[in-house]
Protein chains: 2
Amino acid sequence: MAVHIMTALAYLGEKTSSELLSHTVNTNPVVIRRLLGDLTRSGLITADRGKHGGFRLARDAADISLLDIYRAVMDEQPLVSLHDNPKNTRCAVSCRVRPVLSGYLSRAQQAFEQSLAEVRLTEITQAM
Amino acid sequence: MAVHIMTALAYLGEKTSSELLSHTVNTNPVVIRRLLGDLTRSGLITADRGKHGGFRLARDAADISLLDIYRAVMDEQPLVSLHDNPKNTRCAVSCRVRPVLSGYLSRAQQAFEQSLAEVRLTEITQAM
DNA sequence: TGAAAAAGTAACTATAAAAGTTACACAATG
DNA sequence: CATTGTGTAACTTTTATAGTTACTTTTTCA
């Protein structure tokens, strides 16, 4: 949903309330405010409190990538990871797969993120 | 978990029961059998039923990639996708983000999968 | 200066997905 | 025909996410 919101903010280009944003996503304002909180803490948007408050992009849409948004919202959790059952110490595989696999998985995730990094918010608003 | 199992099968190199496999992952045999079912249906392993039954790789570990395993288990679901709330027909963004974004997301997913495709099961067993 | 309009957040409920469990049918072996 | 395995249905548990209610704090402006 974060991308939806960021796109809306870029598209509208002006200060917008969580109430209004919640309508475009068709959900509850609080859900949106929680998301907006993440985006604010990551420095992608700024929040004005009080009457006539609202949110706007903190910098130009050309300087915001899909990766920025993805990272703001996903808190460091890997895209896909191995189960986290305790290892069976009597099994060589159980003891050693983890580090080997996580190397390959994080490489794949880097490829994914690299691809997101190449897309700017402007590209999305323009394509609409 | 599927990778863990496939690695174990490649590592052991012989017919193995779900019971035994469940021990290396430290979980319930039925959970494992459900996974083994996916892997069998995808043609990555073969299942022998009856007494002295068990599972083994259907082809050489050098011919099985992480992507093969990933696809066997994830049933076509995209890695990350937009929310699926109904669109607000009065909002241009709500109406049009979806197709635009899904293009970029599937491109990123392709990068991810490409990376997985480059890793063979042999590489993993050898690294252990 | 106080009512109004907004963000921020805590605490709860609802929903859905995944994992785990129990129980049993079916298959092959010897 | 008993034994040892797979296959699977049905249920419970767990966890994460979304949604909800209710409230505090901040700012504006009449």
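Just so it is clear, the structure is predicted and the values come from calculations on it, not from any experiment. Throughout, protein chains are lettered first and strands after them, A, B, ... in sequence-line order, and every chain is numbered starting at 1. Heavy atoms only: backbone and side chains are in, while hydrogens, waters and symmetry mates are out.
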In whole angstroms, the gap separating P of D/dT8 from CG of B/L35 amounts to 14 Å
Please determine, for the side chain of A/V31, which listed nucleotide (C/dA7, D/dG19, C/dA19) has the closest atom?
D/dG19
Distance in angstrom units between B/L36 CG and D/dG5 C1', rounded:
13 Å
Starting from P on D/dG5, measure out to CG on B/L20 and report it in whole angstrom.
9 Å
Side chain of A/T27 - closest among D/dA10, C/dA7, D/dG19:
D/dG19
Less than 4.0 angstrom between a side-chain N/O of A/H52 and OP1 or OP2 of D/dC29, yes or no?
yes
Quick one: which of D/dG7, C/dA23, C/dG8 gets closest to the side chain of B/V30?
C/dA23
B/D68/B/R59 ion pair, N-O < 4.0 Å
yes
Among the clusters formed by ILVMFWY side chains lying less than 4.5 Å apart, do A/V30 and A/L20 turn up in the same one?
no
Taking C/dA6, C/dA28, C/dG8 as options, the one with an atom nearest any side-chain atom of A/S17 is C/dA6
From D/dT6, D/dG19, C/dA7, pick the nucleotide closest to the side chain of A/R33?
C/dA7
Note: for B/H83 and B/R34 on DNA chain D, the residue whose nearest nucleotide lies more 5' is B/R34
Starting at CD of B/Q77 and ending at C1' of C/dA17, how long is that distance when rounded to a whole Å?
9 Å
Can you tell me the distance, in whole Å, between the CG atom of B/D38 and the C1' atom of C/dA18?
13 Å
Would you mind reading off the distance between B/I45 atom CD1 and D/dG7 atom C1', rounded to a whole angstrom?
13 Å
What is the separation between atom CZ on B/R49 and atom C1' on D/dG7, rounded to the nearest whole Å?
5 Å
Are B/D38 and B/R33 within salt-bridge range, i.e. N to O under 4.0 Å?
no
Is atom CZ of B/R107 surrounded by more than 12 heavy atoms (other residues, nucleotides or ligands) closer than 6.0 Å?
no
Reckon B/G54 touches a base, only the sugar-phosphate, or nothing at all at heavy-atom distances under 4.0 Å?
sugar-phosphate
Remember a base hit wins even if backbone is also touched, and classify A/N85 as base, sugar-phosphate or nothing at under 4.0 Å, heavy atoms.
sugar-phosphate
Assign B/D84 to base, sugar-phosphate, or nothing according to its heavy-atom contacts below 4.0 angstrom with the strands shown.
nothing
Regarding the side chain of A/N28, the nearest nucleotide among D/dG19, D/dG7, C/dG20 is D/dG19
B/M74 CE to C/dA18 P, straight-line distance once rounded to whole Å:
8 Å
Can you find a side-chain donor-acceptor pair between B/Q110 and B/Q114 that sits under 3.5 Å?
no
Quick check for you: among C/dA28, C/dG20, C/dA5, whose closest atom lies nearest to any side-chain atom of A/K51?
C/dA5
